[in-house]
Each structure stands twice: as C-alpha cells, then as structure tokens.
Amino acid sequence: HEKRRHPRKDIFTAALIVLADEGYLTEVWDLSQGGARLGRPRRWPTNEREAVRVYFMLGQETVIALSGSVVRSAEDHLGIQFDPGQEARVNALMYEARFLEAQA
C-alpha cells in the first residue's frame, strides 16, 4: 500500500547527475512528481545532502533537466527530491516517461 505523497512510476532510462562541476552517468529506476530514484554512480563522492542537476535522457532528442537535492544515499541508489518551482518541467518528464513505460 503506497503511503508516499506522490506515487512512483517504475521506469528505466539513462540520466546524467551533475554535482558541482562533475557529471555522473547513471540510470533512473523510478519517478514521481516529487523526485526520482537513481542508481548510485560507482564513484559517487558523497553521502551528504547535496544540490544536483539531473538530465533525464528519455530519447535521442528528449532530455529534460531538473534541479534537486540528494535526500537519500544508499549503497546502490540515490533518492533525489526535485526543487519547488519546476512543476511544468516535472509534468513534461512524467508525460514523456509514459511512453518509455509503455515500451518496457
């Protein structure tokens, strides 16, 4: 039974996490209106709550960037919470993700 404020949508696609001046390629495991769960990059440098920018690569011509914070850092994944004020971009991400979900 889902108790989260925003239900999750399972998805699998590539993403680039930018932390300071460094980029880390990873994959997206699930999305919600509030954030995303991403695979933890092998050389992820920190367990601290950090501001990041995530580029969701949904296709060759569809890349949606969102700002957020790392709110969970587990051994195999990162929990990203999207910053407020990006609702239109989050809605675009959720809309585009529907097409990936249908292909799975």
Side-chain angles (χ1 to χ4, degrees):
H1 208 214
E2 183 73 47
K3 294 185 180 190
R4 291 178 168 78
R5 187 174 358 159
H6 303 289
R8 292 180 178 197
K9 176 183 298 224
D10 289 336
I11 187 173
F12 189 81
T13 191
L16 173 69
I17 307 172
V18 178
L19 172 66
D21 290 335
E22 299 294 324
Y24 302 88
L25 284 174
T26 189
E27 63 275 342
V28 182
W29 292 353
D30 63 50
L31 295 172
S32 76
Q33 289 288 132
R37 185 167 58 119
L38 308 176
R40 182 182 173 123
R42 188 173 299 140
R43 291 184 298 203
W44 187 250
T46 179
N47 285 326
E48 301 297 317
R49 182 180 179 112
E50 296 278 354
V52 294
R53 185 126 176 108
V54 181
Y55 294 83
F56 294 91
M57 295 176 232
L58 304 168
Q60 222 170 0
E61 297 179 13
T62 307
V63 177
I64 297 174
L66 288 164
S67 297
S69 296
V70 176
V71 294
R72 185 175 54 261
S73 183
E75 187 176 313
D76 67 342
H77 71 274
L78 299 172
I80 307 295
Q81 180 178 1
F82 299 143
D83 290 342
Q86 304 178 99
E87 289 76 16
R89 296 188 70 73
V90 171
N91 289 338
L93 175 63
M94 298 304 286
Y95 176 80
E96 293 293 338
R98 290 182 354 187
F99 298 108
L100 291 176
E101 187 179 45
Q103 296 171 3

Taking only residues at least two apart or on different chains, which pairs with a member in residues 48-64 satisfy side chain to side chain donor-acceptor pair (under 3.5 Å)? R53-S67
Any ring-ring contact (aromatic ring centres under 6.0 Å, His included) pairs touching residues 15-36, not counting sequence neighbours? Y24-W44
Among residues at least two apart in sequence or on other chains, which ones pass side chain to side chain contact (heavy atoms under 4.5 Å, CB included) with A74? D76, H77
Is the closest side-chain heavy-atom distance between L31 and V90 below 4.5 Å? no
Is the shortest side-chain heavy-atom distance between V70 and I80 below 4.5 Å? yes
Among residues at least two apart in sequence or on other chains, which ones pass side-chain hydrogen bond (donor to acceptor under 3.5 Å, both in side chains) with D83? none
Is the backbone of A15 close enough, under 3.5 Å, to the side chain of T26 for a donor and an acceptor to pair up by distance? no
Looking only at non-hydrogen atoms, find the nearest pair between [X] and [Y] and report the distance.
| X | Y | result |
| --- | --- | --- |
| N91 | Q33 | OD1-NE2, 3.1 Å |
| M57 | T13 | O-OG1, 2.6 Å |
| S73 | T46 | OG-O, 3.8 Å |

Mind checking ring-ring contact (aromatic ring centres under 6.0 Å, His included) for Y95 and listing every partner two or more places apart, or none if nothing turns up? F99
Taking L25 as the starting point, is it possible to reach V18 by hopping between hydrophobic residues whose side chains are less than 4.5 Å apart? yes
From the options I11, L66, V63, select the one residue that forms a side chain to side chain contact (heavy atoms under 4.5 Å, CB included) with F56. L66
To the nearest 0.5 angstrom, please state how far the CZ atom of R40 sits from the CD atom of E27. 13.0 Å
